[in-house]
Amino acid sequence: MREVADHQPEVGYDHEAIQNRWLPVWDEVAPFRSGRLDDPRPKKYVLDMFPYPSGDLHMGHAEAYALGDVIARFWAQKGFNVMHPIGWDAFGLPAENAAIKRGENPRTWTYENIEMQKSSMRRYACSFDWDRVLYTCDPEYYRWNQWFFLEMFKRGLAYRKASAVNWCPSCQTVLANEQVVQGLCERCDNVVTKKKLTQWYLRITDYADRLLDDMEQLEGEWPDKVLLMQRNWIGRSKGAEVTFDIEGSDPVTVYTTRPDTLYGATFFVVAADSELAAKLAAGTSAEGEFQAYLDEVKKSTDIERLATDRPKTGVFLQRHAINPVNGEKLPIYASDYVLSDYGTGAIMAVPAHDQRDLDFARAFNLPVRVVVAADEDPALTGVATADDGPHVNSGDLDGLNKADAIAKIIAQLEAKGLGKPAKNYRLRDWLISRQRYWGTPIPIIHCDDCGEVAVPEDQLPVELPDASGLDLSPKGASPLGAAEEWVNVPCPTCGKPAKRDSDTMDTFVDSSWYFLRYLNPNDSVRAFDPELAKQWLPIDQYVGGVTHAILHLLYARFFTKVMYDLDLVNFTEPFKRLLNQGMVVMNGSAMSKSRGNLVRLSDELAVHGVDAVRLTMVFAGPPEDDIDWADVSPAGAKKFLARAWRLSGEVTSEPGVNFADGDVALRKATHKSLHDADLAVQTYRFNVAVAKTMELVNATRKAIDGGLSTADPAVREAVEAVAIMMSLVAPYTSEDMWSRLGHAPSVALAGWPTVDERLLVDDSVTCIVQIAGKVRERLEVSPDISEADLQAMALAAPGVVKALEGRDIRTVIVRAPKLVNIVPAS
RNA sequence: GCCCUUGUGGCGGAAUUGGCAGACGCGGCAGACUCAAAAUCUGUUGUCGAAAGACGUGAGGGUUCGAGUCCCUCCGAGGGCACCA
């Protein structure tokens, strides 16, 4: 008879005591130290996106690291040599802003937060290898940012150019295209303006085709959504370049995806803010009007520009372009609906088949000529047609469909030297200069005589000067420029006085290669060891938020390809498999102080314990889905942990008993659970894996309550299996169970039990017998029953006989051993 | 506007290749224990119906012996892109 105390968790299961018992033991056993070179086990590299040290861990971290941990711990149980490192993405604006606000040093603030997060992660039982930790703000880390930058500089992949860049007046720095969302600064949500500046860029557009085409390798391994977003972002389009003569000026080339509609061009547009527009306007009677228009355009913000329902505006430049196919004179307009930094900054306008051109044509009373036959006339409907169809009014293109017409016109233009096939990308080069202090200094010295001079490699790292004494407040120029002693140096080439580049790098540079630094984070002679990279990379499983679907992942993929070209790595894609976890929300919306729906992780941990919080995160649903904390029950999770834990105290056999002697029914339940949970984990259905573990706990409970001896080997086998399965999610509880079962730590290394296939086969199967698709009978049959026998049995079953009374049978579908469907004749 | 994803009990969610819809859990209800409550344990819980049974995976249609699953149309939710020629 069971003692009452067994059902009293407040006496038995005590999460606080269990946590305190095992944390110090793990420090000694260190079950997750990885990467010994002589380790015979196959490798798995499991990587969580590293955190930004902006304070203590929050609920979002708790979810992400719980999920990453399930995967890392699973592969360790399955016998793999798992590398699961962690580090800190420690440069960036929040540290600097916090420093300004409190008059502190960004370094101090950053490292304090890191220490806090580190100790929280340790308590949260993250299975990180604490021997491999990195901080991107460490000079020994960022020196390699500088090294990579110089390697790119040498090859022309890093270059400086002047252009109108995105400028956040609040952050007082430039932003990459990727950091501007709907015309607002991604960080502070202020309106982004344009500013003409000379800045450093990385030539990511050189890699656009490979970034796009290599995604084939990721198909099925990355979320489709992310692949799609990357494809859209790169935005490759195929078309042609066509050269137009200009009356009284030099010829102009345009890019078009629809060269087949060349006969439908009725006007010509150049980007108002392009040099071409200014050149064409110069000396015409339209010059004054053009200047006034340009001034207007420059005043408008991105927000205004992005409004899609904005009426089209522009100025006729009093010039004409000559259509190369028919010699027609096309009036040239300057307008802000044409972008100066895409294609050639000039377009041929085909209003019948392009909505934007049609809108402009209607606003300026320009002719509309249909060249692809359509049911409705765009000039009347106001809707441009983009469908395929026979060409009309198009000379010898008449009658051809779109694909054929495109091929023919390109061939014709090419023969005359007036055009050629062309590709274009939405993707722009990556602007990496930032006018802030807390980042990697750009290792370039500007010399009046020698120009941009690379800092010699033996002088790396270019360390940040001490922040004390510098005014870090945003003022539009880098604070480093005011560090006189730091900024003024002799030119490495000629020795004359010169100045260091005072900008720092975008922090996305730091995170573009950090996964390689983990291999040997203290290597002082190179960024990483190529031999170790061959062994460990690419990353088998990457885990992180979908917020980085474009930025970080695109940049890291770009860096990887550059490293491949530099012969530093032997792979072209860094992350083989990607899991995007969802967010933790509260009552339907993202948690925030201002909303008043913030749930503090530390509170949850104190009340329910680490394991219950982790279990709640994992069990809530599919990992990609958001978790609404209001919908889940950490108390319920704790109840389950206590139930499972209590079982471990009831086992009365000794470790090492022969499981084969145990009760077959319970053994079957155990092996089925192990099998199902294994499959579930591998397919990211962690919640299902947990459910399978719960089923086994329930089955074991029922078996014991039903009279099975607690000394039966099957009971030990079941409870040990529970402990091992639970070790992925609830490390403290399962470690304690393992100990109560008479084993030495750590359960994390116990190994996933081998499933006995014979125990997965049931003695009998429930066969359902349907009549016209409705279940009428259930039969217990042998799993290897023949179809004929099963059909005979089904037809003889009383329920079937009764239901079929007086009806003829049309067909019988037999799917032995699980189903028979009898179809009566009407 | 365009593209993608998604829609299953009161709630979170399960459901190899089309084959017993609702696993597992939360919540609810009933009972045990208790002076009482909490906690815990046991049972029960899709809807309608006393029952037999019928109905049931956003709506409508289709394919099929059989559809949550496949196809078409529509509706709702979430996300991405939004003058990229």
Side-chain angles (χ1 to χ4, degrees), chain A residues 2 4-12 182 223-229 231-233 235-237 239 254-259 261 269 271 305-310 312 335-339 341-350 353-357 359-360 383 386 424-428 546 549-550 615-616 619-622 624-628 630-637 639-640 642-643 646 676 679-680 683 685 687-695 697-698 701 705 766-775 777-778 810-815 818-824:
Chain A
R2 286 193 332 275
V4 182
D6 281 341
H7 292 313
Q8 302 274 330
E10 66 272 24
V11 179
Q182 309 271 296
D224 289 343
K225 189 170 113 177
V226 174
L227 293 175
L228 187 74
M229 281 165 72
R231 284 199 179 97
N232 289 342
W233 189 264
R236 179 165 63 194
S237 75
V254 301
Y255 172 74
T256 175
T257 54
R258 294 294 304 275
T261 62
V269 190
R305 273 180 53 85
L306 287 172
T308 43
D309 50 357
R310 208 171 51 112
K312 294 278 184 284
S335 172
D336 64 352
Y337 90 89
V338 171
L339 305 176
D341 61 347
Y342 183 82
T344 62
I347 62 152
M348 64 176 208
V350 184
H353 308 295
D354 182 287
Q355 191 59 47
R356 297 153 301 183
D357 296 345
D359 293 343
F360 191 90
V383 180
N424 248 307
Y425 306 90
R426 231 182 66 105
L427 182 72
R428 307 293 202 273
V546 73
I550 298 175
L615 178 60
T616 304
F619 185 56
E624 312 76 28
D625 291 1
D626 289 349
I627 297 172
D628 194 327
D631 289 339
V632 295
S633 170
K639 202 162 84 177
F640 165 72
R643 260 164 75 80
R646 255 177 272 131
D676 291 354
L679 200 74
T683 50
R685 288 143 58 237
N687 54 328
V688 177
V690 170
K692 297 297 172 185
T693 313
M694 289 173 166
E695 281 179 358
V697 167
N698 293 344
R701 178 80 270 152
D705 290 353
T766 306
C767 174
I768 54 156
V769 183
Q770 301 178 328
I771 293 174
K774 290 186 197 286
V775 181
E777 268 288 357
R778 289 185 170 77
R810 184 146 64 102
T811 21
V812 180
I813 312 283
V814 184
R815 293 285 178 273
K818 293 183 74 174
L819 176 132
V820 177
N821 188 13
I822 300 160
V823 188

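Quick note: numbers below take in every heavy atom, side chains included, and nothing from hydrogens, waters or symmetry partners. Every chain is numbered from 1, with letters handed out A, B, ... down the list of sequences. All of these numbers come straight from a predicted model, not from anything done at the bench.
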Checklist entry - Step by step, would you call A:Asn698 with A:Arg643 a side chain to side chain donor-acceptor pair (under 3.5 Å)? => result CA-CA 9 Å; A:Asn698 293 344; A:Arg643 260 164 75 80; 2.4 Å; yes

Checklist entry - Could you walk me through whether A:Thr261 and A:Met348 pass the side-chain contact (heavy atoms from CB on, under 4.5 Å) check? => result CA-CA 10 Å; A:Thr261 62; A:Met348 64 176 208; 3.8 Å; yes

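Within 4.0 Å (heavy atoms only), A:Asn698 reaches sugar-phosphate atoms of the nucleic acid but no base atom. A:Arg236 comes within 4.0 angstrom of nothing in the nucleic acid, heavy atoms only. A:Gln355 comes within 4.0 angstrom of no nucleic acid atom, judged by non-hydrogen atoms across all strands. If you check every strand for non-hydrogen atoms under 4.0 Å, A:Thr257 touches sugar and phosphate atoms only. Contact annotation for A:Lys639: backbone-only contact, meaning every heavy-atom pair under 4.0 Å involves sugar-phosphate atoms and none involves a base.
With rounding to whole Å, A:Ile768 atom CD1 is found 10 Å from B:G66 atom C1'. We find that CD1 of A:Ile347 is positioned 14 Å from P of B:C83, with the value rounded to whole Å. Separating the CG atom of A:Asp625 from the C1' atom of B:C11 is a distance of 15 Å, rounded to the nearest angstrom. Separating the CG atom of A:Asp676 from the P atom of B:A15 is a distance of 11 Å, rounded to the nearest angstrom. Computed from coordinates, the A:Asp631 CG to B:G13 P distance equals 7 Å when rounded to whole Å. Atom P of nucleotide B:A67 and atom CG of A:Leu819 are separated by 12 Å, given to the nearest angstrom. For the pair A:Glu695 CD and B:G22 C1', the interatomic distance rounds to 13 Å; values are reported in whole Å. For the pair A:Met694 CE and B:G25 C1', the interatomic distance rounds to 6 Å; values are reported in whole Å.
Taking the ring axis of A:Tyr337 as reference, the NZ or CZ atom of A:Lys312 stays within 45° of it and closer than 6.0 Å to the ring centre.
Within the structure, every side-chain polar atom (N or O) of A:Lys818 is placed at least 4.0 Å from both OP1 and OP2 of B:U17. Neither OP1 nor OP2 of B:G13 sits under 4.0 Å from any side-chain N or O of A:Arg685. The side chain of A:Thr693 contributes no N or O atom lying less than 4.0 Å from OP1 or OP2 of B:C24. Considering only side-chain N and O atoms, A:Asn821 lies nowhere under 4.0 angstrom from the phosphate OP1 or OP2 of B:U64. The shortest distance between the side-chain N/O atoms of A:Arg426 and the OP1/OP2 oxygens of B:A82 is below 4.0 Å. For A:Tyr337, no side-chain nitrogen or oxygen approaches OP1 or OP2 of B:A85 to under 4.0 Å. One finds a side-chain N or O of A:Asn687 lying less than 4.0 angstrom from the OP1 or OP2 phosphate oxygen of B:A14.
Across every strand in view, B:U17 sits unpaired, with no contact that passes the Watson-Crick or G-U test at under 3.5 angstrom. Across all strands shown, B:C81 pairs with B:G1; the Watson-Crick or G-U wobble distances both stay below 3.5 Å. Pairing partner, B:U73: B:A59, with both Watson-Crick or wobble hydrogen-bond distances short of 3.5 Å. Under the Watson-Crick or G-U wobble criterion, with both distances below 3.5 Å, B:A30 is paired with B:U42. Nucleotide B:A54: paired with B:U47 (Watson-Crick or G-U wobble, both distances less than 3.5 Å). B:C35 is unpaired under the Watson-Crick or G-U wobble criterion, no partner having all donor-acceptor distances under 3.5 Å.
For B:G10, the O4'-C1' to base torsion is more than 90° from 0; the nucleotide is therefore anti.
Here the side chain of A:Ile550 is nearest to one of B:A85, B:G13, B:C81, namely B:C81. Which of B:G12, B:C55, B:A85 sits closest to the side chain of A:Phe619 comes down to B:G12. Checking B:C20, B:A15, B:G19 against every side-chain atom of A:Arg778, the shortest atom distance belongs to B:C20. Comparing B:C3, B:G12, B:A14 by their closest approach to the side chain of A:Leu228 singles out B:C3. Picking from B:C41, B:A85, B:C65 the nucleotide with the shortest atom distance to the side chain of A:Arg643 gives B:C41. Listed nucleotides B:A85, B:G80, B:G19 differ in distance to A:Met229; the shortest reach to its side chain belongs to B:G80.
Comparing the P positions of B:G46 and B:A21 gives a spacing of 14 Å, expressed to the nearest Å. Comparing B:A67 with B:G19, their C1' atoms sit 10 Å apart, to the nearest whole Å. For the C1' atoms, the distance from B:A52 to B:G18 is 31 Å, rounded to whole Å. Comparing the C1' positions of B:G22 and B:C11 gives a spacing of 13 Å, expressed to the nearest Å. One P atom belongs to B:C24, the other to B:U44, and the distance between them is 11 Å to the nearest Å. With P as the reference atom, B:G28 and B:A39 are 9 Å apart, rounded to whole Å. Rounded to whole Å, the separation between the C1' atoms of B:U8 and B:U57 comes to 4 Å. Rounded to whole Å, the separation between the C1' atoms of B:G7 and B:C83 comes to 33 Å.
For a distance-only test at 3.5 Å, the side chain of A:Lys312 qualifies as a donor-acceptor partner of the base of B:C83. A donor-acceptor contact under 3.5 Å is not formed by the side chain of A:Arg810 with the base of B:C65.
The pair A:Arg258-A:Asp354 does not meet the salt-bridge criterion, since no charged nitrogen lies less than 4.0 angstrom from a carboxylate oxygen.
Remark: the A:Asn232 side chain and the A:Arg426 side chain contain no N/O donor-acceptor pair separated by less than 3.5 Å.
Distance alone, capped at 3.5 Å, is enough to place a donor-acceptor pair between the A:Asp357 side chain and the A:Val350 backbone. A:Asn821 contributes a side-chain N or O that, together with a main-chain N or O of A:Gly773, makes up a donor-acceptor pair within less than 3.5 Å.
For the pair A:Tyr425 and A:Ala772, nearest-nucleotide mapping onto RNA chain B gives the more 5' position to A:Ala772. Two residues, A:Gly343 and A:Lys225, neighbour RNA chain B, and the one matched to the more 5' nucleotide by heavy-atom proximity is A:Lys225.
Taking the side chain as every heavy atom from C-beta outward, A:Val383 and A:Gln355 approach each other to under 4.5 Å. The shortest distance between side-chain heavy atoms of A:Thr616 and A:Ser633 does not fall below 4.5 Å.
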